[in-house]
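These notes are about the structure you will find just below.
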Amino acid sequence: HVVRVKRQPGETSRIWCTSRSRQTYPSPPRGPSSRAQRANRADPPSPPWQRPDMSQALHVNVKGDARMPLMDVSGNEMNNNNRFPSSKLKLDEFFLNWLSSPESQKLVLNLLDDAKAGRPLQAPTLPQTPTGQSPLSPSSTNALFSATPSLATPPLSPQKGAHSPVPGSPVSPARRLSQAARESQTAQTGAAGAKRRAADVIPRFYFGGEQLAWSDEQSAVKLAEAALLFNGGELDADGMTQVAREVCELPGYFAPLLMHRINGTDPIAEDPTGADASAAPGALTAPAAAPKPVTWTKFTEYWNSTLRKFQEPNARVFEVLRGAKSAEGANGVGLNIPHLTHTDFRSVLRCVLDTHPGLEFLKDSPEFQDRYLETVTYRIFYQVNVAWNGRMTLRELRRSNLVEAMTLVDEEEDINKVLKYFSYEHFYVVYCKFWELDTDHDFLIDKEDLLRYGNHALTYRAVDRVFSQAPRKFVSGVDGKMGYEDFCWFILSEEDKGNPLALEYWMRCVDLDGDGVLDPSECSFFYEEQLQRMECLSQEPVLFEDILCQMSDMLHPETPGRITLRDLRRCKLAGNFFNVLFNLNKFIAFETRDPFLIRQEREEPHLTEWDRFARQEYIRLSMEEEEGMQDGNWDGDGMDPSPF
């Protein structure tokens with residue numbers, strides 16, 4: 001073997017290493033046994049820790065076919081090497097890792113200097129093992145060095161910051177265990193300190209069920225403002241309106257409900273006997289109860305116990321609407337109900353109907369007041385209660401824009417400018433559409449009535465799926481009949497298919513097997529009837545294969561041939577996918593779009609499909625009503641009277 005060490009440019013040192021044993025061993029196999037395969041096998045890449053740019057790099061060249069081992073290897077060990085050829089590569093990796101450290105290079109260079117000067121090679125002092133023996137085998141130590149220890153201990157691996165005992169000093173097992181325990185304790189203390197430092201740097205951003213409360217200074221300022229308004233006396237509904245706006249930061253029409261919460265009274269005057277169906281317990285049409293005046297003492301008690309805990313507007317509105325409700329469990333323990341139901345909005349909506357200037361004309365029509373209250377409640381739960389279980393949680397309320405819409409109602413005199421939830425024009429369209437379909441006016445719609453919706457726009461198969469209650473369970477209580485609430489969900493989903501909730505509604509309708517995925521067979525089932533209707537109307541039929549390719553290009557599903565709700569919500573034109581399947585009128589309208597309407601939609605990007613539909617229908621219905629009143633045909637001649 002010849003070892004060349006590059007010390008300086010142009011200078012090369014040579015060392016001839018001898019061994020006691022001249023026996024040679026074959027090198028362990030590195031790959032397939034076939035010579036051709038070994039010839040084609042690429043050399044392994046050099047390890048990443050090699051440093052070719054070092055000025056003191058070591059270059060080792062081996063000449064000759066024979067290789068001399070550093071230690072004596074028995075037959076069993078050679079068999080293991082033959083069985084596990086990668087072990088030799090791993091040992092080479094460890095050796096190169098050790099050789100790349102500066103301390104190891106310094107040691108080897110010192111040994112080379114001694115060899116050039118003719119001095120005998122001396123073995124370095126090695127650390128003691130628990131058994132008192134050297135970690136290197138005697139054969140390797142004798143093969144490399146003599147028995148006289150005089151040099152410093154060579155590093156066994158690159159330094160990693162760990163503290164080891166002094167080389168050559170024996171350590172008792174008990175002392176070693178205690179030292180290990182101290183090191184473990186130090187590591188745990190360091191980790192805890194790092195966590196504390198991270199907590200100081202990164203502020204807390206998730207508070208779970210906790211709510212940000214008013215600070216002591218903020219609470220004192222709020223109470224001082226309220227004290228000026230109370231002036232040592234008590235306030236009625238008009239006075240509490242200013243308190244609700246300025247102190248509690250709630251809409252003004254929350255004042256009657258806030259007074260009931262402070263006094264601990266029921267805000268709705270229900271008839272427990274059930275003699276009056278409109279005032280039955282839980283009915284949305286139940287009238288509001290008159291609140292009692294509020295004293296300064298009761299207000300401060302309610303502020304400190306409830307309102308002060310909720311600085312966030314959504315949480316504060318949620319708490320005032322919910323009130324201190326409790327339910328008796330199976331064990332008789334009262335449990336708080338962390339959700340809102342339809343009846344929790346009755347008091348504030350009654351106050352809106354009584355006090356808002358844009359709804360004064362409805363004071364003489366209590367029946368339509370009830371319908372308006374119901375419609376607004378259904379729209380709120382359709383949009384906010386994404387779980388569709390009739391129980392609105394605080395999490396759902398925070399993710400919606402309901403509180404912003406409530407604040408806008410308190411500030412805006414024209415109720416029709418509040419397009420979200422409270423618009424009277426939107427209510428007018430929904431109720432008139434329902435009135436047109438309900439020919440017998442029993443406030444229920446059957447399958448034949450719904451087929452007439454939109455001038456027979458929907459297919460029979462789509463209507464059958466709606467009445468099979470696949471999209472949503474009916475709450476009418478009559479088998480085969482759709483109530484007003486069910487119709488509100490239907491029309492909101494039909495006229496605003498760009499809404500994520502509408503996409504889920506129709507996804508459930510088309511998903512025949514209920515696996516959450518639409519395959520070509522399910523789409524073909526609905527498109528067959530659509531194709532027949534095209535032929536009956538003398539329209540050029542479009543084959544399903546062509547439609548399937550177009551829809552696939554439009555939706556770009558993650559899995560070809562399998563459309564999921566996620567794919568639909570990711571596409572802005574997903575509503576047209578359902579129009580192609582079962583709404584022929586909208587399908588043809590999309591194919592023959594008017595450029596003027598397209599430009600109008602771009603000029604009003606804040607309006608949804610439902611807003612545009614409601615505006616057009618309100619204009620049409622108003623014109624029809626005016627023409628009918630001029631002709632005198634609303635009360636006879638076979639024309640249905642207007643609900644208004």
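Index from 1, following the sequence.
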Treating [X] as the side-chain partner and [Y] as the backbone partner, does any N or O pair qualify as donor plus acceptor under 3.5 Å?
{"X": "Glu604", "Y": "Leu607", "answer": "no"}
{"X": "Gln218", "Y": "Ser215", "answer": "yes"}
{"X": "Ser100", "Y": "Asn97", "answer": "yes"}
{"X": "Arg308", "Y": "Trp303", "answer": "no"}
{"X": "Arg562", "Y": "Pro557", "answer": "no"}
{"X": "Asn304", "Y": "Thr300", "answer": "yes"}

Under the criterion salt bridge (charged side-chain N to carboxylate O under 4.0 Å, His left out), I'd like the reasoning laid out for Lys106 against Glu103: C-alpha separation, chi angles, the key distance, then a yes or no. CA-CA 5 Å; Lys106 183 178 179 181; Glu103 293 83 357; over 6 Å; no

How far apart are the C-alpha atoms of Glu404 and Lys420, what are their side-chain angles, what is the distance that settles it, and do they pass the salt bridge (charged side-chain N to carboxylate O under 4.0 Å, His left out) test? CA-CA 10 Å; Glu404 290 80 0; Lys420 300 296 183 182; over 6 Å; no

Does a side-chain heavy-atom distance below 4.5 Å link [X] with [Y]?
{"X": "Asp344", "Y": "Phe318", "answer": "no"}
{"X": "Tyr421", "Y": "Tyr382", "answer": "no"}
{"X": "Leu503", "Y": "Phe577", "answer": "no"}
{"X": "Phe578", "Y": "Leu568", "answer": "yes"}

Can you name the nearest heavy-atom pair linking [X] to [Y], along with the distance?
{"X": "Cys523", "Y": "Leu581", "value": "O-CD2, 3.7 Å"}
{"X": "Tyr527", "Y": "Leu543", "value": "CE2-C, 4.3 Å"}
{"X": "Leu99", "Y": "Ser104", "value": "CA-CB, 4.2 Å"}
{"X": "Gly561", "Y": "Pro520", "value": "O-CD, 3.3 Å"}
{"X": "Leu397", "Y": "Met392", "value": "CD1-SD, 4.2 Å"}
{"X": "Arg398", "Y": "Glu312", "value": "NE-OE1, 3.1 Å"}

[Y] versus [X], side-chain donor and acceptor atoms under 3.5 Å:
{"X": "Asp216", "Y": "Ser219", "answer": "no"}
{"X": "Lys497", "Y": "Asn579", "answer": "yes"}
{"X": "Asn389", "Y": "Asn385", "answer": "yes"}
{"X": "Ser521", "Y": "Ser524", "answer": "no"}

Take Leu501 and Val386, measure what side chain to side chain contact (heavy atoms under 4.5 Å, CB included) needs, and give me the verdict at the end. CA-CA 7 Å; Leu501 297 174; Val386 296; 4.0 Å; yes

State which residues pass side-chain hydrogen bond (donor to acceptor under 3.5 Å, both in side chains) with Lys473; sequence neighbours excluded, sorted by chain then number. none

Leu340 and its side-chain contact (heavy atoms from CB on, under 4.5 Å) partner, picked from Leu321, Ile380, Val384: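 The side-chain contact (heavy atoms from CB on, under 4.5 Å) with Leu340 is passed solely by Leu321 among Leu321, Ile380, Val384.
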
Return the CZ to CG distance between Phe526 and Leu518, rounded to the nearest 0.5 Å.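 It is 9.0 Å, given to the nearest 0.5 Å.
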
Whether Arg472 engages the ring of Trp489 as a cation-pi pair (distance to the six-membered ring centre under 6.0 angstrom, angle to the ring normal within 45°) should be assessed. yes

Quick check: are there more than 12 heavy atoms from other residues, nucleotides or ligands sitting under 6.0 Å from [atom1] of [X]?
{"X": "Arg570", "atom1": "CZ", "result": "yes"}
{"X": "Arg391", "atom1": "CZ", "result": "no"}
{"X": "Arg566", "atom1": "CZ", "result": "no"}

Audit row: Val320, Tyr302, side chain to side chain contact (heavy atoms under 4.5 Å, CB included) steps and yes/no: CA-CA 11 Å; Val320 174; Tyr302 185 75; 4.2 Å; yes

Derivation and outcome, side chain to side chain contact (heavy atoms under 4.5 Å, CB included), residues Glu319 and Lys309: CA-CA 10 Å; Glu319 185 63 24; Lys309 301 178 182 178; over 6 Å; no

Determine whether Glu396 and Arg399 satisfy the following criterion, salt bridge (charged side-chain N to carboxylate O under 4.0 Å, His left out), listing intermediate values before the conclusion. CA-CA 5 Å; Glu396 294 173 336; Arg399 292 186 172 185; over 6 Å; no

List the steps, then state whether side chain to side chain contact (heavy atoms under 4.5 Å, CB included) holds for Asp519 with Glu522. CA-CA 6 Å; Asp519 52 33; Glu522 294 172 333; 3.2 Å; yes

Could you walk me through whether Gln383 and Asn499 satisfy the side chain to side chain donor-acceptor pair (under 3.5 Å) test, starting with their C-alpha distance in whole Å, then the side-chain angles of each, then the deciding distance to 0.1 Å, before giving a yes or no? CA-CA 9 Å; Gln383 190 68 33; Asn499 192 320; 3.0 Å; yes

Side chains of residues 549-556: which donor-acceptor partners sit under 3.5 Å, not counting sequence neighbours?
{"residue": "His556", "atom": "NE2", "partner": "Asp553", "partner atom": "O", "Å": "2.7"}

Test: side-chain hydrogen bond (donor to acceptor under 3.5 Å, both in side chains). Region: residues 500-517. Which pairs qualify, not counting sequence neighbours? Glu504-Arg508, Glu504-Arg569

